[in-house]
S.K.: 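Let me begin by handing over the structure; questions about it come next.
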Amino acid sequence: MSKINYREDQLPIIQYEGGKMAVPAVPGAGKTFIVTNLVAKLLEENRQGKGKILILTYMNSAVNNFKVRIKKILEDKNIEDKNYYEVMTIHSLAVKIIKEKPEIVMLNEDFNIADDLQKTMILGDCINNFKLNGGEKAFRFFVKEQKDQMWADRQLEAWDKGFYDLVQNTISELKYKDITPQKLNEYMKENRRGILKIILPIYTEYEKKLKANGLLDYDDMLILAHKALSIDEDLKRKYQNKYQYVFEDECQDSNEIQGKIIGLICEEHNNLVRVGDINQSITGTFSSSDPKFFKNFIENSDCCYRMDMSNRSSKDVINLANELVRYVTQNLQTECKDALEDMDIKTVPKNKGYKENPQPEKYQISYKYYETFDEEIENTVKFVRNINKKYPDKSIGILVPYNDHVNLVAKELIKEDLEFEELGPNSLRKRRVIDNIALIIDFILNCDDKEKLIEVLDKVYIKTDNKEGKKDFIQLLRKDHLNVENLLYDDECSKDIIIDTESDLYQSFLYGIQNLKNIIEYPLTRIDKLILFIGDSMTIEKEEIAIVDYLAFYVKYLVAENNSINLQQIYNLLSDRKNRVFSYIIEVVSEINGYEPLPGSITVCNYHKAKGLEWDCVFLLGMTEFNFPDNIYQKFQCDKWYLKEKYKNPEANIKSEIDFVLNGEVNKNYSKEIKENLVKEKIRLLYVGITRAKEMLILSASAKNSSLDKRKQNPSMYLNILKSIIDKKGE
DNA sequence: TGCTTCTTCGTTTTT
DNA sequence: CGAAGAAGCA
């Protein structure tokens with residue numbers, strides 16, 4: 001077995017023996033590689049003693065990745081795998097700690113974790129109940145005055161949607177500040193106004209419902225785990241002895257309480273390695289994470305080694321990323337200068353046996369500015385098609401700002417007959433399962449509607465490669481003298497349909513008819529069972545079966561909450577594309593497996609989802625001023641158009657209100673702070689986008705959202721900055 | 001070009 | 001409702 005040839009920036013890290021070590025690393029530096037090898041080396045030297053090595057990651061998919069890779073290294077090194085290491089997410093660790101002694105934190109032994117889906121259902125219920133029980137008026141108070149009824153409705157709808165996230169984030173913040181509903185109630189007694197006033201009853205009921213069902217949400221898990229370790233000396237000792245070494249991956253996404261939990265476990269042995277990249281911290285504005293915690297750790301650690309070499313991208317792509325850092329740290333307005341840490345990515349030295357950076361023959365970075373967003377998508381897809389044809393082995397990533405855009409790009413790719421993968425909750429393919437079930441229910445509700453029957457057969461059951469034949473066959477079914485009755489129950493009618501009865505087209509038609517007959521006869525007393533039954537009749541993949549299961553679970557919950565709910569209402573829910581429960585169902589199902597772009601594949605996703613992935617060729621769309629702002633005085637996403645001027649930025653209002661409740665005064669201009677953080681996070685999001693590319697990178701923006709849209713948007717300032725760099729290099 | 005009046009539209013990320 | 005672009009006018 002050959003010895004691993006570590007790069008010079010990796011050498012000091014692999015020589016680690018103990019203490020607090022900080023490892024800030026640039027994108028593509030090989031964080032997983034170095035951590036897995038270091039863990040294997042420590043195991044080889046038996047440094048864990050009587051304890052174990054703990055590796056904490058952020059996502060479930062990363063857990064598996066780490067396990068597989070450590071196992072492989074141990075095998076290669078011929079070290080017996082005695083399970084002296086554990087890989088888990090910080091949340092699983094928290095659960096493990098609480099399970100140990102639930103009574104310390106006043107919990108019943110058989111508590112459960114509320115996943116995103118359950119949380120959404122419960123919180124959604126609480127909000128609804130609040131409105132139904134007299135809260136509606138207070139809820140509407142914050143919306144702008146509007147005489148035009150149509151716009152009044154739209155404002156309310158928008159507030160409805162935004163309110164959910166606001167409540168969720170507020171509850172999370174209150175929990176971290178150790179403000180229980182009871183405490184808040186005490187504090188708020190004299191307060192008559194404010195958004196907290198209407199969040200309080202929702203928060204109260206939410207906590208009550210969680211408790212009643214024996215559930216903890218993600219925030220509770222961390223908070224209680226920390227509490228348990230702080231209160232119970234024995235428990236803390238146990239974990240300190242158990243984990244002699246702790247590694248934390250992606251620690252730029254860590255929040256204060258996670259840091260504290262890890263701190264307590266490491267207190268005794270003090271062997272802690274934290275690896276991360278501050279410039280890739282992109283979750284701060286919607287979670288309690290903040291890169292400042294990692295920055296702090298870097299300053300207070302025993303040693304800090306930077307991994308600043310990356311072999312992922314060509315030197316041109318690296319140069320572009322470095323220029324962005326340079327621009328931000330030197331030229332941006334003072335408040336946002338520290339968005340990026342001044343840390344140049346270096347290419348790997350040549351001819352030293354390291355895996356080297358890709359070296360494309362020519363400069364492969366460009367930018368485009370289009371008239372409309374439609375045009376931007378259309379041209380991008382054409383570009384993608386050409387690359388895919390010319391270089392069939394290259395992987396291509398198309399990154400867009402929003403999940404809705406993923407859909408738009410997907411539709412265009414379908415038009416061009418290109419195979420692709422969508423990441424995120426709007427995946428057309430995954431949505432289709434839900435849509436198909438809705439179609440069938442619609443037919444059950446309207447049994448005599450022939451068009452609906454034909455639609456179900458067409459979209460759900462009839463499967464064939466013979467596209468033309470299918471079209472003709474569907475036309476045959478539309479013949480006037482055939483009604484639903486004939487099609488379903490009259491075997492003679494098939495004589496009218498002149499078609500090869502052995503073909504897969506006809507066989508799948510018969511299969512569909514038979515199933516629909518069974519479905520119509522299925523008793524309506526248990527709608528959740530009906531959904532499972534419908535799911536069974538559709539030939540679908542494993543992942544899609546999981547979606548059906550979740551769907552049935554959701555319906556069961558709905559029925560339990562409201563006995564009188566009928567099939568029509570269920571249909572209405574299923575066909576509501578904005579229902580956030582479905583997004584979570586799809587996310588929960590897809591999260592189980594990690595994703596890795598294969599050679600020749602095309603991936604569409606948003607900038608956030610792209611983190612941790614890499615492609616040969618990357619398209620960055622939507623680089624407008626609105627999506628990537630450079631100062632806090634332009635139009636901002638956190639300012640809500642539908643709210644009264646005073647409450648325009650409700651998040652800031654809430655922060656002020658909490659401040660006031662706790663200290664009797666407001667200490668900061670929170671609106672300004674929120675906007676600054678947003679500007680900074682968007683810069684890092686762009687940095688993440690750029691550093692996904694190995695060889696080719698195309699940046700683009702458009703002046704208008706659609707050709708009908710009259711308002712223009714400026715390209716992001718960063719696009720202009722990058723443009724000038726690209727122009728110089730392109731010569 | 002600079003000013004007023006008329007018309008149109010209302011964008012978000014998620015462990 | 002209010003911001004911002006378009007159209008109208010001097």
Side-chain angles (χ1 to χ4, degrees), chain A residues 56-63 89-92 94 113 115-116 119-120 143-159 161-162 164-166 168-169 172 217-219 221-222 249-255 257-258 281-289 373 399-406 408 423-426 580 583-584 586-588 590-591 605-612 622 624-629 634-645 648 651 674-675 677-678 681-682 684-686 688-689 702-706 708-714:
Chain A
L56 293 170
T57 71
Y58 216 58
M59 289 189 301
N60 283 314
S61 52
V63 171
T89 63
I90 181 90
H91 288 97
S92 339
I113 304 307
D115 62 20
D116 282 330
K119 187 179 170 180
T120 312
V143 179
K144 256 186 208 167
E145 312 257 331
Q146 169 70 260
K147 277 171 199 144
D148 184 336
Q149 191 53 47
M150 193 191 85
W151 279 104
D153 290 347
R154 286 184 83 170
Q155 283 185 177
L156 209 59
E157 196 186 316
W159 176 221
K161 210 172 146 241
Y164 179 91
D165 293 321
L166 191 68
Q168 191 175 21
N169 292 338
S172 172
D217 67 16
Y218 288 122
D219 301 322
M221 284 155 61
L222 299 178
D249 185 36
E250 302 271 15
C251 67
Q252 75 279 1
D253 290 326
S254 222
N255 64 22
I257 202 122
Q258 292 176 28
S281 164
I282 53 174
T283 61
T285 46
F286 50 80
S287 76
S288 44
S289 77
F373 189 56
L399 275 53
V400 291
Y402 311 127
N403 282 326
D404 280 353
H405 296 165
V406 175
L408 297 176
L423 272 38
N426 284 5
R580 70 178 68 234
S583 306
Y584 280 127
I586 289 169
E587 290 280 26
V588 169
S590 0
E591 205 190 276
C605 64
N606 65 35
Y607 282 76
H608 283 267
K609 279 260 148 65
K611 189 174 164 187
T624 58
E625 188 177 82
F626 183 74
N627 291 331
F628 294 94
Q634 52 206 47
K635 223 182 157 190
F636 256 89
Q637 294 165 317
C638 55
D639 288 332
K640 304 289 187 255
W641 60 272
Y642 47 83
L643 293 182
K644 283 180 180 160
E645 193 58 34
K648 216 179 172 58
E651 221 184 307
I674 287 171
K675 286 179 184 177
N677 283 335
L678 220 71
E681 197 162 294
K682 289 296 175 104
R684 296 192 286 259
L685 196 59
L686 175 58
V688 168
S702 47
K704 296 187 218 161
N705 266 337
S706 75
L708 299 164
D709 202 341
K710 288 210 172 107
R711 48 184 66 205
K712 276 191 179 166
Q713 37 185 1
N714 295 327

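Nothing here was measured: the structure is a model prediction, and the numbers come from that model. Below, chain A is the first sequence line, B the second, and so on; all start at residue 1.
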S.K.: Please state whether the phosphate of dT14(B), meaning OP1 or OP2, lies under 4.0 angstrom from any side-chain nitrogen or oxygen of Asn169(A).
M.R.: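 For dT14(B), OP1/OP2 do not have a side-chain N/O of Asn169(A) under 4.0 Å.
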S.K.: Check the distance between dT14(B)'s P and Asp219(A)'s CG and give it to me in whole angstrom.
M.R.: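 That distance rounds to 17 Å.
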S.K.: Does Lys644(A) NZ have over 12 foreign heavy atoms under 6.0 Å away?
M.R.: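 Enclosed: over 12 neighbouring heavy atoms sit under 6.0 Å from NZ of Lys644(A).
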S.K.: Does a nitrogen or oxygen in the side chain of Lys644(A) sit under 4.0 Å from OP1 or OP2 of dC1(C)?
M.R.: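 No, outside the criterion.
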S.K.: Using atom names, set out every protein N or O paired with an N or O of nucleotides 2-4 of chain C below 3.5 Å, distance rounded to 0.1 Å.
M.R.:
none

S.K.: Could you measure the distance from the OH atom of Tyr218(A) to the NZ atom of Lys119(A)? Nearest 0.5 Å is fine.
M.R.: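 If I round to the nearest 0.5 Å, the distance is 9.0 Å.
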S.K.: May I have the step-by-step check of side-chain hydrogen bond (donor to acceptor under 3.5 Å, both in side chains) for Tyr402(A) and Asn627(A), ending in yes or no?
M.R.: CA-CA 10 Å; Tyr402(A) 311 127; Asn627(A) 291 331; 2.3 Å; yes
S.K.: Would you say the side-chain atoms of Gln146(A) pair up with the backbone N or O of Gln155(A), donor to acceptor, closer than 3.5 Å?
M.R.: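 No, because the side chain of Gln146(A) does not come within donor-acceptor range (under 3.5 Å) of the backbone of Gln155(A).
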S.K.: Using whole Å, report how far CG of Leu399(A) lies from C1' of dT13(B).
M.R.: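 Taking atom C1' of dT13(B) as the reference, CG of Leu399(A) is at 13 Å.
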S.K.: Any side-chain heavy-atom pair from Gln168(A) and Phe286(A) closer than 4.5 angstrom?
M.R.: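 Sidechains of Phe286(A) and Gln168(A): no contact.
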S.K.: Between Met59(A) (CE) and dT15(B) (P), how many Å, whole number?
M.R.: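 Computing the Met59(A):CE to dT15(B):P distance gives 7 Å.
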S.K.: When the distance from CD of Gln713(A) to P of dT12(B) is rounded to whole Å, what number comes out?
M.R.: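 Those two atoms, CD and P, are 13 Å apart.
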S.K.: Who pairs with Asp639(A) by side chain to side chain donor-acceptor pair (under 3.5 Å), at least two apart in sequence or on another chain?
M.R.: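 Expected list: Lys675(A).
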S.K.: Have a look at Asn606(A) and say if it touches a base, only the backbone sugar-phosphate, or nothing, with a 4.0 Å heavy-atom cut-off.
M.R.: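 If one applies the 4.0 Å heavy-atom cut-off, Asn606(A) turns out to touch the sugar-phosphate alone, with no base involved.
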S.K.: Whole angstrom is fine here: how far is it from CG in Asn677(A) over to P in dT12(B)?
M.R.: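 Distance check: Asn677(A) CG to dT12(B) P gives 20 Å.
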S.K.: Measuring to OP1 and OP2 of dT12(B), would you say a side-chain N or O of Asn403(A) lies under 4.0 angstrom away?
M.R.: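 No.
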S.K.: Could you check which of dT13(B), dT12(B), dT15(B) has an atom nearest any side-chain atom of Glu681(A)?
M.R.: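 Among the listed nucleotides, the one closest to the side chain of Glu681(A) is dT13(B).
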S.K.: Among dT13(B), dT15(B), dC1(C), which nucleotide has an atom closest to any side-chain atom of Glu145(A)?
M.R.: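 That would be dC1(C).
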S.K.: Of the candidate nucleotides dT13(B), dC1(C), dT15(B), which contains the atom at the shortest distance from the side chain of Tyr402(A)?
M.R.: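 Of all the options, the side chain of Tyr402(A) is nearest to dT13(B).
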S.K.: Give Ser287(A) one of three labels, base, sugar-phosphate or nothing, depending on what nucleic acid heavy atoms sit under 4.0 Å from its own.
M.R.: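 Since a base atom lies under 4.0 Å of Ser287(A), the category is base.
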S.K.: With a 4.0 Å cut-off on heavy atoms, is Gln168(A) in touch with a base, just the backbone sugar-phosphate, or nothing at all?
M.R.: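 No contact.
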S.K.: What is the nucleic acid contact for Asp148(A), judged by heavy atoms within less than 4.0 Å: base, sugar-phosphate only, or nothing?
M.R.: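 Touches nothing.
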S.K.: Quick one: is dT14(B) close enough that its OP1 or OP2 comes under 4.0 Å of any side-chain N or O from Lys609(A)?
M.R.: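 The answer is yes; a side-chain N or O of Lys609(A) sits under 4.0 Å from OP1 or OP2.
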S.K.: To the side chain of Gln146(A), which of dT12(B), dC1(C), dT13(B) is closest?
M.R.: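 So the nucleotide nearest the side chain must be dC1(C).
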S.K.: Between atom CD of Glu681(A) and atom CG of Leu686(A), what is the distance when rounded to the nearest 0.5 Å?
M.R.: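 Here the interatomic distance stands at 13.0 Å.
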S.K.: Looking at every heavy atom in both Gly424(A) and Lys609(A), which two are closest together, and how far apart are they?
M.R.: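 That would be CA-NZ, 3.9 Å.
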S.K.: To the side chain of His608(A), which of dT14(B), dT15(B), dC1(C) is closest?
M.R.: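 The nucleotide sitting nearest to the side chain is dT14(B).
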S.K.: Pick base, sugar-phosphate or nothing for Tyr218(A), based on heavy-atom distances below 4.0 Å to the nucleic acid.
M.R.: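 Nothing: the residue Tyr218(A), judged by heavy atoms under 4.0 Å, touches no strand.
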S.K.: For Arg580(A) and for Arg154(A), locate the closest nucleotide of DNA chain B by heavy-atom distance; then report the residue assigned to the nucleotide nearer the 5' terminus.
M.R.: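 Closest to the 5' end, via its nearest nucleotide, is Arg154(A).
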S.K.: Would you check if Leu678(A) and Gln637(A) make a side-chain contact, meaning some heavy-atom pair closer than 4.5 Å?
M.R.: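 Contact flag for Leu678(A)/Gln637(A) side chains = yes.
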S.K.: Rounded to the Å, how far apart are Leu166(A) CG and dT12(B) C1'?
M.R.: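 Between C1' of dT12(B) and CG of Leu166(A): 14 Å.
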S.K.: So what does Thr285(A) touch, heavy atoms closer than 4.0 Å: a base, only the sugar-phosphate, or nothing?
M.R.: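 Base: the residue Thr285(A), judged by heavy atoms under 4.0 Å, touches a nucleobase.
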S.K.: Whole-Å distance between dT13(B) P and Ile674(A) CD1?
M.R.: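 Taking CD1 of Ile674(A) and P of dT13(B), I get 17 Å after rounding.
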S.K.: Atom CZ of Phe286(A) to atom P of dT12(B): distance rounded to whole Å?
M.R.: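 It works out to 14 Å between those atoms.
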